[in-house]
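Only one structure is covered here, and it is reproduced in the block below.
The figures here come from the full heavy-atom set of this structure, side chains too, leaving out hydrogens, waters and symmetry mates.
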Amino acid sequence: QVQLAESGGGLAQTGESLRLSCTTSGSSFSFAVIGWYRQAPGKQRELVASIGSFGRINYADSVKGRFTISRANAKNTVVLQMNSLKPEDTAVYYCNVHVNTFSGPSDYWGQGTQVTVSS
């Protein structure tokens, strides 16, 4: 069974950095897209950054130039380096694995990790 483990959330002040990690197990996800989403109070869940198997990377406009997503060895761990944090980055961050199979797409979610940025 697919499992996702998130770590690295916590408290930070404006301008500081946090590093989130998502480690997957159960499958290699060699051809999966792994992304970080976040959901702030009163807002819908939004894509923060994603990375594909060939290194294709997408960022939300709000985090471009500040956040960096990367895939680790064996493609089972994805890191989100968050620099120059702002209070508006405060949210619960979720790791997501999206896979496409012959039977259709599937999404797997982590439990979420809280990121709080104070001003």
Same cluster or not: V99 versus I69, using hydrophobic residues (I, L, V, M, F, W, Y) connected whenever any side-chain heavy atoms lie under 4.5 Å apart? yes

Applying side chain to side chain donor-acceptor pair (under 3.5 Å), name anything that partners S17, two or more places apart in sequence or on another chain. N83

E88 side chain near S62 side chain, heavy-atom distance below 4.5 Å: no

Regarding K86 and D89, does a basic nitrogen lie under 4.0 Å from an acidic carboxylate oxygen? no

How many angstroms lie between atom CD of E6 and atom SG of C22, to the nearest 0.5 angstrom? 5.5 Å

I57 side, atom CD1; K64 side, atom NZ - distance, nearest 0.5 Å: 12.0 Å

Candidate pair R38 and Y93, rule side chain to side chain donor-acceptor pair (under 3.5 Å), full reasoning: CA-CA 4 Å; R38 68 185 181 187; Y93 284 70; 2.9 Å; yes

Do V92 and W109 belong together in a cluster built from hydrophobic side chains that touch within less than 4.5 Å? yes

Answer with yes or no whether the hydrophobic clustering places V78 together with Y59; edges join I, L, V, M, F, W, Y residues whose side-chain heavy atoms lie under 4.5 Å apart. yes

The reported gap from CD in Q3 to OH in Y108 (rounded to nearest 0.5 angstrom) is 12.0 Å

What verdict does the side chain to side chain contact (heavy atoms under 4.5 Å, CB included) test give for D107 and N96, after you've listed the backbone C-alpha separation in whole Å, the side-chain angles of each residue and the deciding distance to 0.1 Å? CA-CA 7 Å; D107 285 280; N96 167 265; 3.2 Å; yes

Any heavy-atom pair between the side chains of V115 and M82 that's under 4.5 Å? yes

Minimum heavy-atom distance P87-S119, with the two atoms named: CG-CB, 3.9 Å

Heavy-atom check, side chain of F67 versus side chain of L80, under 4.5 Å: yes

Report the distance from atom CD1 of I51 to atom CH2 of W36, rounding to the nearest 0.5 Å. 13.0 Å

SG of C95 to CG of L20, rounded to nearest 0.5 Å, is 9.5 Å

What distance do T116 atom OG1 and Q114 atom CD have between them, rounded to the nearest 0.5 Å? 4.0 Å

Can any side-chain N or O of R45 pair as donor or acceptor with the backbone N or O of Q39 at less than 3.5 Å? no

Does the side chain of E16 come within less than 4.5 Å of L18's, by heavy atoms? no

Find out if a path of hydrophobic residues (ILVMFWY) with successive side-chain heavy-atom gaps under 4.5 Å connects V97 to Y94. no

Minimum heavy-atom separation for A12 and L85, please, with both atom names. CB-CD1, 3.8 Å

Would you confirm whether T90, through its side chain, and V117, through its main-chain N or O, come within 3.5 Å as a donor-acceptor pair? yes

So, does T14 use its side chain to make a donor-acceptor pair with the main chain of S118 at under 3.5 Å? yes

